[in-house]
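Please read the structure below before turning to the comments.
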Amino acid sequence: MSKFVVVVIDSFGLGAMDDVPQVRPQDIGANTCGHILQHFPRLRLPVLEKLGLMNSLGQHVGVMKPSASAVYGTAALQHEGGDTFMGHQEILGTLPKAPLRMPFSTVIDEVEQALIADCWQVERRGEGLQFLWVNQAVAIGDNLEADLGQVFNISANLTDISFEEVRTIGEIVRRQVQVGRVIAFGGLLESSQQILDAVEEKQGVYIGINAPRSGVYNNGFQVVHMGYGVDASVQVPQKLHEAGIKTVLVGKVADIAINPHGVSYQNLVDSQRILDITLDEVCQPGDAFICTNIQETDLAGHAQDVARYADRLQLVDSNLERLMEAMQLGDCLVVMADHGNDPTIGHSKHTREKVPLLVWQPGVEPAQLGARKTLSDVGATVCDFFHAAAPQNGTSFLASLHMTDNGGHHG
């Protein structure tokens, strides 16, 4: 009976990728991990240190040192930009497709006609730049928090419309557009006017709802993320299901990945609760793949709050020790990230950075995994570990994991 646990420390990058000067010049010099350790040179994360964080970082910062016992490497982002949704699809074995970028204004006609054809009540709001206002409770427009032009938002007052109806609206929009993501979400508001009061424009091209200001996150928040070109049938959860292995998703990954045959703990943000659930699942009988996302580090990056980021890292570090104590011979732990979000770089968006790849098993020998070309190598390794068919993308590193004489073996 084996567990394969992947803990994704959301946004914990190790330095700007080589293509950043060409594709994201605003991220030149980004190094989420390095800059946090520079800011707090006395910060010690003993478990991540043992797992090889400084080996992966490749530079000496603060009091933490490289580990002689680590199995470590780095992984590059194969998806464009630096995106939590596409990062997790990539981890789960998707070969990323390049989405189109456009303001909502370029597709408003098609989306409006499709909604009217499906009998929704649709009106246009806004002077000049316009967004759609559906059934007096749902706004459709540009996402103003992500990289502009990559995501459309559907913001709803769930007091006046059900989340299932909001999801249906989202599916209609998704079929009409080719941006990377459509996010359908809402919360329980006292009045739908709160959404209209949070309308903002950016750069004279984009118009949408400032989601935090609208209040949708405060009460009864629900969300579904709909990606472009994501085929769940070629991903790890489906491949494991076909091999009789359970998939458990905890935290934001459960909100954004498709896992119809497994267990998904959705709409969770609190890191301690997420890590407690992860530990509980590790202790359950039977084989399982467990993938957990720690979102609060990413939220600290968006807030440009270095102290909060460091605090959440310390919480993760102490809980990793609990997970490792609970793991049995033959189990496997991977600690990684999905992109960067350097809180010191001067902007509040994700940063395009390579990520750590830290692997541990009881009794594993030290090894270097090198610079992996894609996050999908983790998903490929998970399928290899459980003797399941490979996902669409990625190269397994399972053969690099060797046990000492008193160690266990996989499978």
Side-chain angles (χ1 to χ4, degrees), residues 3-15 31-76 91 271 275 278-279 282 292 294 297 309-338 340 353-372 375 377-378 381-382 385 396-410:
K3 302 293 191 300
F4 196 116
V5 183
V6 175
V7 175
V8 182
I9 306 176
D10 201 311
S11 87
F12 194 44
L14 293 180
N31 191 326
T32 303
C33 174
H35 288 152
I36 290 167
L37 295 179
Q38 280 178 6
H39 203 277
F40 293 108
R42 309 304 303 169
L43 178 65
R44 181 152 243 143
L45 304 164
V47 179
L48 287 167
E49 185 176 31
K50 174 189 169 186
L51 291 175
L53 179 62
M54 302 310 288
N55 309 57
S56 291
L57 181 62
Q59 63 186 85
H60 189 87
V61 188
V63 297
M64 289 172 60
K65 305 243 178 341
S67 167
S69 62
V71 180
Y72 70 94
T74 61
I91 290 167
S271 299
L275 288 159
T278 305
L279 179 60
V282 167
T292 292
I294 304 297
T297 44
Y309 205 125
D311 173 77
R312 295 296 86 186
L313 287 174
Q314 289 174 294
L315 180 81
V316 171
D317 198 74
S318 60
N319 279 275
L320 285 173
E321 184 169 36
R322 296 169 67 212
L323 282 179
M324 291 160 68
E325 287 172 353
M327 293 175 77
Q328 308 291 317
L329 285 177
D331 291 349
C332 189
L333 171 69
V334 171
V335 180
M336 65 184 302
D338 50 349
E353 299 179 48
K354 63 186 178 185
V355 303
L357 183 60
L358 311 177
V359 183
W360 179 83
Q361 292 182 277
V364 74
E365 293 182 348
Q368 294 186 29
L369 301 175
R372 317 297 296 194
L375 307 178
D377 286 4
V378 173
T381 303
V382 171
F385 179 90
S396 172
F397 51 76
L398 192 67
S400 299
L401 307 181
H402 300 289
M403 294 301 149
T404 56
D405 290 338
N406 61 347
H409 61 88
H410 66 270

Where Arg42 and Val63 come nearest, the two heavy atoms and their spacing: NH1-CG1, 3.3 Å

Sub-4.5 Å side-chain heavy-atom contact between Ser67 and Asn55: yes

Could you tell me if the side chain of Val5 sits less than 4.5 Å from the side chain of Asp331, heavy atoms only? no

Which pair of heavy atoms, one from Gly73 and one from Ser56, lies closest together, and at what distance? O-OG, 2.8 Å

Taking the side chain as every heavy atom from C-beta outward, state whether Leu275 and Ile294 have any atom pair closer than 4.5 Å. yes

Distance from Met64 atom CE to Cys33 atom SG, nearest 0.5 Å? 7.0 Å

Distance from Cys332 atom SG to Leu401 atom CG, nearest 0.5 Å? 5.5 Å

Which residues satisfy the ring-ring contact (aromatic ring centres under 6.0 Å, His included) test with Phe4, sequence neighbours excluded? Phe385

Those residues that, when tested against Asp10, pass salt bridge (Lys or Arg N to Asp or Glu O under 4.0 Å) (two or more places apart): none

Residues forming a side chain to side chain contact (heavy atoms under 4.5 Å, CB included) with Gln368, sequence neighbours excluded: Tyr72

Determine whether Trp360 and Met327 make a side-chain contact, defined as any pair of heavy atoms from C-beta on separated by less than 4.5 Å. yes

Name all residues meeting the side-chain hydrogen bond (donor to acceptor under 3.5 Å, both in side chains) criterion together with Thr278; count only those two or more places apart in sequence or in a different chain, and write none if there are none. Thr292

Suppose we screen for side chain to side chain contact (heavy atoms under 4.5 Å, CB included). Which residues come up paired with Lys354, at least two apart in sequence or across chains? Leu14, Met17, Thr74

Find out whether Asn319 and Leu279 are in side-chain contact, i.e. whether some heavy atom of one side chain is under 4.5 Å from a heavy atom of the other. no

Which residue pairs pass the salt bridge (Lys or Arg N to Asp or Glu O under 4.0 Å) test with at least one member in residues 48-69, sequence neighbours excluded? Arg44-Glu49

On a heavy-atom basis, which atom in Ser271 and which in Leu315 lie closest, and how many Å separate them? CB-CD2, 3.3 Å

With a 4.5 Å limit on heavy-atom distance, are the side chains of Leu323 and Val7 in contact? yes

Determine, stepwise, if the pair Leu45 / Gln314 fulfils side-chain contact (heavy atoms from CB on, under 4.5 Å). CA-CA 6 Å; Leu45 304 164; Gln314 289 174 294; 3.9 Å; yes

Report the distance from atom CG of Leu37 to atom CE of Met54, rounding to the nearest 0.5 Å. 5.5 Å

What one should report as the nearest heavy-atom pair of Leu369 and Ser400 is CD2-CB, 3.7 Å

Thr404 side-chain N/O to Gly363 backbone N/O, donor-acceptor pair under 3.5 Å: yes

Does any donor atom in the side chain of Ser11 or Tyr309 lie under 3.5 Å from an acceptor atom in the other side chain? yes

Sequence neighbours left out, what passes side-chain hydrogen bond (donor to acceptor under 3.5 Å, both in side chains) with Ser318? Give chain and number order. none

When rounded to the nearest 0.5 angstrom, what distance separates CG in Leu313 from CZ in Phe12? 4.5 Å

Do you know the tightest heavy-atom contact between Glu321 and Val47? CB-CG2, 3.7 Å

Going by the rule side chain to side chain contact (heavy atoms under 4.5 Å, CB included), which residues pair with Gln59 if we only count those two or more places apart in sequence or in a different chain? Asn31, Gln38, Leu57, Val61

I need the minimum non-hydrogen distance between Ala75 and Leu375, along with the two atoms involved. CB-CD2, 3.8 Å

By salt bridge (Lys or Arg N to Asp or Glu O under 4.0 Å), Asp311 pairs with (sequence neighbours left out) Arg308

Could you tell me if the side chain of Met403 sits less than 4.5 Å from the side chain of Val364, heavy atoms only? yes

With side chains defined as the heavy atoms from C-beta onward, is the minimum distance between Gln361 and Leu333 less than 4.5 Å? no

Hey, what do you get for CG (Leu53) to CG (Asp317), rounding to the nearest 0.5 Å? 9.0 Å

CG (Leu357) and CZ (Arg372) are apart, to the nearest 0.5 Å, by 7.5 Å

